[in-house]
Amino acid sequence: MASLSPYAGCPCLDGQRLPCMARPSGMCYDSPAMSSQPRPVVTRFAPSPTGFLHIGGARTALFNWLFARHHGGTFRLRIEDTDRKRSTEEAVAAILEGLRWLGLEWDGAAVHQFAGAAHHAEVARGLLEAGRAYHCYCTREELQEMRTRARAEGRSPRYDGRWRDRDPAEAPPGVPPVVRLKAPRAGETTIDDLVQGPVTVANDQLDDMVLLRADGTPTYMLSVVVDDHDMDVSHVIRGDDHLTNAFRQTQLFEALGWARPEFAHIPLIHGADGAKLSKRHGALGVEAYRELGYLPEALRNYLLRLGWAHGDDEVISTEQAIAWFDLDGVGRAPARFDFAKLDSLNGHYIRAAADKDLAGKVAERLQATAGQVLDTGARERLQRAMQGLKLRAKTINELAENAAFYVAARPLELSEKAARLLPEEGRARLGRLRPLLEGLDDWSEAALEAQVRAFAEAEDCKLGQIAQPLRAALSGSHASPGIFEVMAVLGRGESLGRIADQQSAS
RNA sequence: GUCCCCUUCGUCUAGUGGCCUAGGACGCUGGCCUCUCACGCCGGAAACAGGGGUUCGACUCCCCUAGGGGACGCCA
């Protein structure tokens, strides 16, 4: 037994009190003395780097983050890259970037699961030596046939355990075996899920899962269990597509003699049509939401309300979310993703945002889309314009579009609707108004309004009959912030110039 | 096919046996405000999947049916 790995010799497995080399504490929580101790809260987000961070993953990360923060615990990040063929560095970078953008900072360094492969394999060998696992020499064809037959006979397609008790001497030559867990065949396994409640599955529904591939590398199922144990993960919060995995993992934890973390399987997010949101079915990466002009705080708030509620509260700050979040508020039904509500929330957060930040984002956007380089004056003008603009936009993109006229070069191009606001009569009226404006000493919103109103009265027309032509001339559009605000923000020179442009055009 | 999970307005949800003539939010819609568009404010339509129980009393508890979803890999 001298060759036993630290895990196989761990007190949790054989009752001896040997140091557990894998953990800083040198001790496993599952030793009898410690099992009743409350564990510090440690959650983890464990994405596989096969693509961007999609919206479902983002919500899982958010819940893990909130739960850890709420309980004063630790939120860890683990990259599940044991599938070497499908994992890419770009995906890792995209996931990290996505989490940062969302404001979900993780504690400590990100763990790359594959780095622990040798250790994981060692744990499997310990199980082998302890008689809790065995070699299986089935070929893929054999397995395939087994599954096909089981399905045809109305049984759950799974491995039948044919090598479980077979003499290894019968092993076919030249076939590298996989290592399978010798899972209990009778009885049942129950997990007390923090979201789903108690869920029980008969053990004969679960087959002997592969722990080590024929090439000796660990499978996800093994690595997850070992890593969760090593990282002292206390709560596994993940999508409920992992619910059945929880049973297998429970069996593994038991075979290893380790305490199992608590499980919380949250329902998946569905697309607007009710079907599972997948990468080819409407699931966008979080960076796409940024491109679409959504604010991270709005996305966080929206995601939080998808499957979680705190009474009638809708707009919830991050501070409140941390104070209120717990697993008992998580529902069990899948939710559909609804852009209309996200828009509404985003509009709310835009209105609440500081003008300076908004102007910065708009400038960035304008430069990115129109290649427009803005000088300090233009940036300042944008910032002053935000007050009126932010009431009228649901996204940063929309905000930028609406702001564009403020920094556009003269002469302005009129939209079709704007052109219709400038009939001959309107242009003539602009011509009569301009000298009055020129004579104005005070170019403030209030003074401008007083002057234009007086002009309308003198012309015996409604305010709209002069305000609309002004709007068209100044903004090039039929809809804009209040026209006096527009003039004030534009300033005297630019305003007069734009009016002159339209006036002389007739 | 087998196993597991789910089911309140179109959508997200509140509701833990009587407080429910089922509340809020988004969306839709009528109106107010008004220089346009928004914002804001006031109002409206809109749901307990169906069927059985349990109970003095079920949206709330149990069972069945239907529908939806997920899992069944040497993927994660």
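So that the names make sense, note that chain A is the first sequence line, chain B the second, and so on, each numbered from 1.
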Legend entry - Summary of side chain to side chain donor-acceptor pair (under 3.5 Å) pairs that have at least one residue in residues 261-272 of chain A, sequence neighbours excluded: A:Asp193-A:His265, A:Arg238-A:His265
Listing time: all N or O pairs from protein to nucleotides 59-69 of chain B that are below 3.5 Å?
{"residue": "B:G69", "atom": "O2'", "partner": "A:His270", "partner atom": "NE2", "Å": "3.4"}

Inset, instruction - Inspect the surroundings of CG in A:Asp460 and state if more than 12 heavy atoms from other residues, nucleotides or ligands are less than 6.0 Å away. - result: no
Inset, instruction - Looking only at non-hydrogen atoms, find the nearest pair between A:Gln502 and A:Arg427 and report the distance. - result: O-NH1, 2.7 Å
Inset, instruction - With sequence neighbours excluded, give me every side chain to side chain donor-acceptor pair (under 3.5 Å) pair touching residues 195-204 of chain A. - result: A:Thr189-A:Asn203, A:Thr190-A:Thr200, A:Asn203-A:Gln251
Legend entry - Closest non-hydrogen atom pair, A:Ala447 against A:Leu440: O-CD2, 4.1 Å
Legend entry - Which residue lies more 5' along RNA chain B, comparing A:Met221 with A:Gln205 via nearest heavy atoms: A:Gln205
Legend entry - More than 12 heavy atoms of other groups within 6.0 Å of A:Glu425 CD: no
Inset, instruction - Please work out if A:Ser477 contacts a base, only the sugar-phosphate, or nothing of the nucleic acid, heavy-atom cut-off 4.0 Å. - result: nothing
Inset, instruction - Nearest-nucleotide wise, let me know which of A:Val201 and A:Ala335 is further upstream toward the 5' end of RNA chain B. - result: A:Val201
Inset, instruction - State which of B:G24, B:A71, B:C74 makes the closest approach to the side chain of A:Lys341. - result: B:G24
Legend entry - Among B:C74, B:C37, B:G1, the nucleotide that comes nearest once only the side chain of A:Val178 is considered: B:C74
Inset, instruction - Mark yes or no for a side-chain to base donor-acceptor pair under 3.5 Å between A:Asn245 and B:A71, with no hydrogen or angle criteria applied. - result: no
Legend entry - Aromatic ring proximity A:Tyr289/A:Phe337, centre distance under 6.0 Å: yes
Inset, instruction - Quote, to the nearest angstrom, the P distance that separates B:A22 from B:U16. - result: 15 Å
Legend entry - Minimum-distance nucleotide (side-chain atoms of A:Ala309 versus B:C35, B:U13, B:C5): B:U13
Legend entry - Nearest-neighbour nucleotide for the A:Pro157 side chain, B:A38, B:G1, B:C74 considered: B:G1
Inset, instruction - Confirm from the modelled atom types if A:Arg392 and B:C37 form a donor-acceptor pair under 3.5 Å, side chain to base only. - result: yes
Legend entry - Nucleotide nearest A:Arg147 when distance is taken to its side chain, options B:U36, B:C26, B:G73: B:G73
Inset, instruction - Kindly point out which of B:A25, B:A76, B:U36 is positioned nearest to the side chain of A:Glu314? - result: B:A25
Inset, instruction - Name the nucleic acid region contacted by A:Gly307, choosing base, sugar-phosphate or nothing; use a 4.0 angstrom heavy-atom cut-off, strictly under. - result: sugar-phosphate
